[in-house]
2 protein chains.
Amino acid sequence: VPPVRLADVLAWIDAHVASLDPEIVPIFEAAGRILAEDLVADMDLPPFGRAAEDGFALRSAETIGASAYNPLPFRLAPAAGDLPANSAVCVTSGDTLPVGTDAVVRMDHAELTTEEMVTIIDPVVAGHGVEQAGCHCRRGCNLVVAGRRLSPADVAVLASAGFARLSVTRRPRVHCVFVAERVIECGRQLPSACVYDANGPMLQALLHRDDGLQVAQSHVARHQDAIAEALMTPGADAVLVAGGTGSGTTDCAAAAMAAVGEVAMHGVAIRPGQTTGIGRAGRLPAVLLPGKPADCLWGYELIAGPVIRRLGGRVSQLPFPSRTMTTARKIVSEIGTLEIHAVRCLDESTVEPMASFSEAGLMPAVRGDGFVLVPEPSEGYPHGATVSVYFHG
Amino acid sequence: VPPVRLADVLAWIDAHVASLDPEIVPIFEAAGRILAEDLVADMDLPPFGRAAEDGFALRSAETIGASAYNPLPFRLAPAAGDLPANSAVCVTSGDTLPVGTDAVVRMDHAELTTEEMVTIIDPVVAGHGVEQAGCHCRRGCNLVVAGRRLSPADVAVLASAGFARLSVTRRPRVHCVFVAERVIECGRQLPSACVYDANGPMLQALLHRDDGLQVAQSHVARHQDAIAEALMTPGADAVLVAGGTGSGTTDCAAAAMAAVGEVAMHGVAIRPGQTTGIGRAGRLPAVLLPGKPADCLWGYELIAGPVIRRLGGRVSQLPFPSRTMTTARKIVSEIGTLEIHAVRCLDESTVEPMASFSEAGLMPAVRGDGFVLVPEPSEGYPHGATVSVYFHG
């Protein structure tokens, strides 16, 4: 079977994976979550006219004619009660505009001549120094729309509109199944012919970054029945299997997935990550990731990550900022395969390719600054080409 | 006192705020943290020569002369024990290279003629299909350097080198003191002349984003002694005070900080955020943030954020990706003040300015896509100017 194109895998994900249901969280825990409903202000923001500055609230009409040659005195009055003519009330930014006043003169534009008198030398118009009710947002207007990842400012605006709890998309619960032999958890003694596990900590970190919750981890032998049983562990929204995806005689992850669900695609034209597969375990979306760490990383970034982010209501695109830069050396890629090449920045605008992932494992991801994707039809980029560089980190 | 320039505030932070001590965390919790020491491989990665592919391990010398016209048969043998002449061992990617073999022929480049025989039609050289010990990283080489924010790939490489626990910079514990009157926590009934609190949820979210731990929250009245007492609450690495920083008669946050430490600077040439201040409460770095939410946000982003990120061992720069874009309308700014202008993207390369924060509170941060900084000497940008746009959210 020839490998499928990444675009076809992503189309399958779009067609078969939907956002999870929402849950209610307190506003203090809502930042970074995906808002699940449009929220409309049910009050004016601010709710009442108030002083925009520290200063003196007064009647603007009474300042007409004020100048350095004609300083006008105002008597300080308390905020409550009827305001006598030619009076001013000392206000702090945010205070309700006192009844009878319609403008605020800033502290430094007035002179406190005695403890009871202030002198004004510039006339002001009605509304000067005042935030009118609803000037930030009128009752009935949209505050934040569904699908938005809530920023600190979003949360602040929603709090100021009185929302104490928000409906946000539930975080996907993910079960990771590790199919490996002679792979030892770091911290233990390393027997000969064994290696330390890289995929366990890596997938935990990737899921955490994408706001997934790793609810279970299973370590199973390279046997179809053991993998199939692990795939059906209840309590998850998605399953990731790492290892057992290749063409070796003990590579039975795909057979296990077929036995308990469906293998939609297995073998993708991406490098690293060619043996990645996707399908279902029971009714859950499931991704088969290669066991080799660099292949596991890119199988996650390009295929499992979009599944997790889509379940969580996020955009499925790569979660990295990108910038257009120039290659300082040529990048060679195989036609027919989307290749990921790690790059290092030489300066603000130039990158050079690093060792390939197949030669150097995960080290190019650790030592580089980012990566370039070379699409399937391309055989690479010449020296001096313009490329999009994605910055992980 | 004229306001100080932001650059002078940042220089004070660089001179007076240092990284916190490290702490030890399990590798499974290390992603996103700042590594506190250089880590060197104390083993080769991979630790032994191994098959890079699923296939057949054999002696490369025995493949000389193989071709489609001269297929060479190899007898399958077990991995253990002496390997007879013209034998091959079936291996899975990652298996130790069997003793006596020096190359691996990929599964699809060989033909399994019987269950015991495989036929080779292409000669291979020694090392073909093999990952040599140390080919990713030699024992003694740098893996990850101190100060790096650990990515999922970093964590994976360190795990594969056997590091089960890592020394990372401790997260700053932050005490937030809210100086406000007639500010009500959202979810309660809103009395007249009161507003819902925006700064509490916002600072919580900002600190979380910058990997700070909010260890305490105090709500105090606008009285110097109450603020001073709150400033000295033990158990924090830094204190943020929100509110009471202006020129009003009850604005006593700076006086309170002076009473228990030092006000290094108060009044910064930034807008929003002019009344931000910085100094010490006892020996701790402390930032005075304006109470108005938009001013509080930018006082945090430009001044408190750098303090928190520097304590946490991070770079103090703005934590937002930026891109060079073109303005679709002019942006007007006051000379002498660094102004923050919210912008909205019109297309891939063009932005337009939105309402100012002073007119519309936090709404421009919620409705915009990012922001532009107009430095102190500039009176803004004409239509069609090239600007750096920072993308929050």
Side-chain angles (χ1 to χ4, degrees), chain A residues 27-28 31 45-48 54 90 92-94 96 107-108 135-137 143-144 149 151-157 159-164 186-187 190 193 195-199 201-202 204-206 208-209 246-251 291-293 297 321 359-363 365-366 392-393, chain B residues 27-28 31 45-48 54 90 92-94 96 107-108 135-137 143-144 149 151-157 159-164 186-187 190 193 195-199 201-202 204-206 208-209 246-251 291-293 297 321 359-363 365-366 392-393:
Chain A
I27 186 110
F28 273 90
L45 292 179
F48 48 82
D54 299 327
C90 187
T92 296
S93 167
T96 313
M107 199 68 77
D108 54 349
C135 72
H136 299 173
C137 182
L143 288 169
V144 184
R149 181 162 195 258
S151 72
D154 294 342
V155 162
V157 162
S160 66
F163 292 96
C186 62
L190 191 64
V195 295
Y196 284 122
D197 176 39
N199 292 339
M202 186 169 71
Q204 164 113 356
L206 289 163
H208 180 77
R209 182 198 69 196
S247 52
T249 49
T250 61
D251 281 317
K292 225 186 239 191
L297 172 64
E359 286 161 13
L362 283 172
M363 290 308 297
V366 172
H392 51 58
Chain B
I27 186 108
F28 274 88
L45 293 179
F48 48 82
D54 299 327
C90 185
T92 296
S93 168
T96 312
M107 200 68 77
D108 53 348
C135 73
H136 298 172
C137 181
L143 288 169
V144 183
R149 181 160 195 258
S151 72
D154 294 342
V155 162
V157 162
S160 66
F163 292 97
C186 60
L190 191 64
V195 294
Y196 284 122
D197 176 39
N199 292 338
M202 184 168 71
Q204 165 113 352
L206 289 164
H208 181 76
R209 182 198 70 194
S247 53
T249 48
T250 61
D251 281 318
K292 226 186 238 190
L297 172 64
E359 286 161 13
L362 284 171
M363 290 310 296
V366 172
H392 51 61

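Proteins get letters first, then strands, A, B, ... in listed order; numbering begins at 1 in each.
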Inset, instruction - Quick one: which of Gly94(B), Ala164(B), Ala156(B), Ala161(B) has the most heavy-atom pairs under 4.5 Å with chain A, could you say? - result: Ala156(B)
Inset, instruction - Return the minimal non-hydrogen interatomic distance between His136(A) and Glu359(B), and the atom names on each side. - result: CD2-O, 3.6 Å
Inset, instruction - Give, as side chain, backbone, both or neither, the part of Asp251(B) having an atom under 4.5 angstrom from any heavy atom of chain A. - result: side chain
Legend entry - Nearest heavy-atom neighbours spanning Lys292(A) and Ser93(B): CE-OG, 3.2 Å
Legend entry - Side chain proximity check, Met363(A) to Val157(B), heavy atoms < 4.5 angstrom: yes
Inset, instruction - Sort Leu297(B) into side chain, backbone, both or neither according to what part of it lies under 4.5 angstrom from a heavy atom of chain A. - result: side chain
Legend entry - Which atoms of Phe28(B) approach chain A - backbone, side chain, both or neither, heavy atom under 4.5 Å: both
Legend entry - Contact winner vs chain B - Pro201(A), Ala205(A), Cys137(A), heavy-atom pairs under 4.5 Å: Pro201(A)
Inset, instruction - Pick one of side chain, backbone, both or neither for Ser247(B), based on which atoms fall under 4.5 Å of a heavy atom in chain A. - result: both
Inset, instruction - Answer with side chain, backbone, both or neither: which region of Leu190(B) has an atom nearer than 4.5 Å to a non-hydrogen atom of chain A? - result: side chain
Inset, instruction - Counting only heavy atoms closer than 4.5 Å, note whether Pro293(B) contacts chain A via side chain, backbone, both or neither. - result: neither
Legend entry - chain A interface, residue from Gly187(B), Ala159(B), Pro321(B) that has the most non-hydrogen pairs under 4.5 Å: Ala159(B)
Inset, instruction - Pick whichever of Asp154(A), Thr250(A), Thr92(A) has the most heavy-atom pairs under 4.5 Å with chain B. - result: Asp154(A)
Legend entry - Which portion of Leu143(B) sits near chain A, non-hydrogen atoms under 4.5 angstrom: both
Inset, instruction - Flag the one option from Gly162(A), Ala365(A), Cys135(A) with the top tally of heavy-atom pairs under 4.5 Å to chain B. - result: Gly162(A)
Legend entry - Close side-chain approach of Pro47(B) to Val195(A), heavy-atom, < 4.5 Å: yes
Legend entry - Option in Cys90(B), Ala153(B), Ala31(B), Gly291(B) with maximal non-hydrogen atom pairs under 4.5 Å from chain A: Ala153(B)
Legend entry - Heavy-atom closest contact (Phe163(B) atom, Cys186(A) atom, distance): O-SG, 3.4 Å
Legend entry - Per-residue contact mode, Pro46(A) against chain B (heavy atom under 4.5 angstrom): neither
